[in-house]
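Here the structure is laid out as structure tokens; the discussion comes afterwards.
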Amino acid sequence: MSNRLRYARLPKNEAEAVALQAELAGCVVVADNGHEFETVAGLDIAYDKDSDEAIATAVVMRRRDFEVLERSVARGRSEFPYVPGLLAFRELPLLLEAIGGLKILPDVFVCDGYGLTHPRRFGLACHLGVVLDMPAIGVAKNPPHLPVTEPRSSRGEWTAIKAGEEVVGCALRTRDDVKPIYVSVGHRCTLDTARNLMLDMAPEFRLPEPIRAADRLGRELLAESRK
DNA sequence: GCGACAG
DNA sequence: ATCTTGTCGC
């Protein structure tokens, strides 16, 4: 795992970051072996308002019953600012650290943010997946600036999001009458697999359980360390 | 034509 | 991401 962590290059400026995305975007694989994802890791980063501390969390969960198998945490600070389109450079280093602390390697990672639903088709989930060469899915809470047709109001309804002729993700309704989530392929899976998995893992709330678990853990630790 | 884009 | 009270609904 440690050699893979070293693979995450840190660009010095935005131009370098964009060039790196363009270079790595060609590595994304949109294919999988069907429904064999049995363990899923949710990833997230929580930031402290004033102290610039950040906490990355990785929660490995069984797909079947959502039982948490392992949790890992990494604390640090993000050097890279938040720039739309370059989120990965801000969050990836700390996420990789948290993942490096896992003993159980999950079958797939779920990221907070875009995969192929990205201006250059290389969002956080793609970056993570390609760097680790592992399946990854992107789940965003906000839509991209692309024409998105609102899915019908009942759970399970979805609409494809296209950039030109290319399908780069979907809007997926996980709860009746609640705004959809935006699912896209990160690496080594298909959009159908990603969409079905995320719907299955969000039986009760808008966001899939792995994301909720990672989110909650980060918040708890942040509140705890702030006392 | 330009800018808007996750967290 | 983060700042926050009440409020509506099951």
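Lettering of chains follows the sequences in order, A, B, ..., and the numbering in each one begins at 1.
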Could you tell me the separation between the CG atom of A:Leu87 and the C1' atom of B:dA6, rounded to a whole number of Å?
6 Å

Under 4.0 Å, counting only non-hydrogen atoms across every strand here, what does A:Ala54 touch: a base, just sugar-phosphate, or nothing?
nothing

What is the separation between atom CD1 on A:Ile161 and atom C1' on B:dC5, rounded to the nearest whole Å?
12 Å

Of the listed nucleotides B:dC5, B:dG7, B:dA6, the one nearest the side chain of A:Glu91:
B:dG7

Please determine whether the number of non-hydrogen atoms from other residues, nucleotides or ligands lying under 6.0 Å from atom CZ of A:Arg206 exceeds 12.
yes

A:Arg77 CZ to B:dG7 P, straight-line distance once rounded to whole Å
23 Å

Does A:Gly85 offer a backbone N or O that forms a donor-acceptor pair with the side chain of A:His118 under 3.5 Å?
yes

Between A:Glu53 and A:Arg75, is the closest basic N to carboxylate O distance under 4.0 Å?
yes

Would you indicate, yes or no, if C:dT2 has its OP1 or OP2 atom less than 4.0 angstrom from a side-chain nitrogen or oxygen of A:Arg219?
yes

Just how far, in rounded Å, is P of B:dA6 from CG of A:Asp44?
15 Å

Distance-only, no hydrogens or angles: does the A:Ser72 side chain make a donor-acceptor pair with backbone N or O of A:Ala98 under 3.5 Å?
yes

Pairing pattern in dot-bracket form [Watson-Crick, G-U; both distances under 3.5 Å; | = partner strand] for DNA chain B:
.......

Would you say A:Asn142 reaches B:dG7's phosphate, i.e. side-chain N/O to OP1/OP2 under 4.0 Å?
yes

side-chain N/O A:Tyr47 vs B:dG7 OP1/OP2, d < 4.0 Å:
no

For B:dA6 and A:Lys141 - does any side-chain N or O of the residue sit under 4.0 Å from the phosphate oxygens OP1/OP2?
no

Taking NZ, NE, NH1 and NH2 as the nitrogens, is one of them in A:Arg212 or A:Asp215 under 4.0 Å from a carboxylate oxygen of the other?
no

Atom NZ of A:Lys49 and atom C1' of C:dT2: how far apart are they, to the nearest Å?
8 Å

Value in whole Å for how far the C1' atom of B:dA4 lies from OH of A:Tyr82:
11 Å

Could you tell me the separation between the CZ atom of A:Arg90 and the C1' atom of C:dT2, rounded to a whole number of Å?
11 Å

Interatomic distance where CZ belongs to A:Arg120 and C1' belongs to B:dG3 [whole Å]
14 Å

Would you say the ring centers of A:His127 and A:Phe89 fall short of 6.0 Å from each other?
yes

Touch class at under 4.0 angstrom, heavy-atom based, for A:Leu86 against every strand present
base

For residues 135-153 of chain A, run the donor-acceptor check on the side chains, cut-off 3.5 Å, and write out each pair with its distance to 0.1 Å, sequence neighbours left out.
{"residue": "A:Lys141", "atom": "NZ", "partner": "A:Asp112", "partner atom": "OD1", "Å": "2.8"}
{"residue": "A:Glu150", "atom": "OE2", "partner": "A:Arg173", "partner atom": "NH2", "Å": "3.3"}

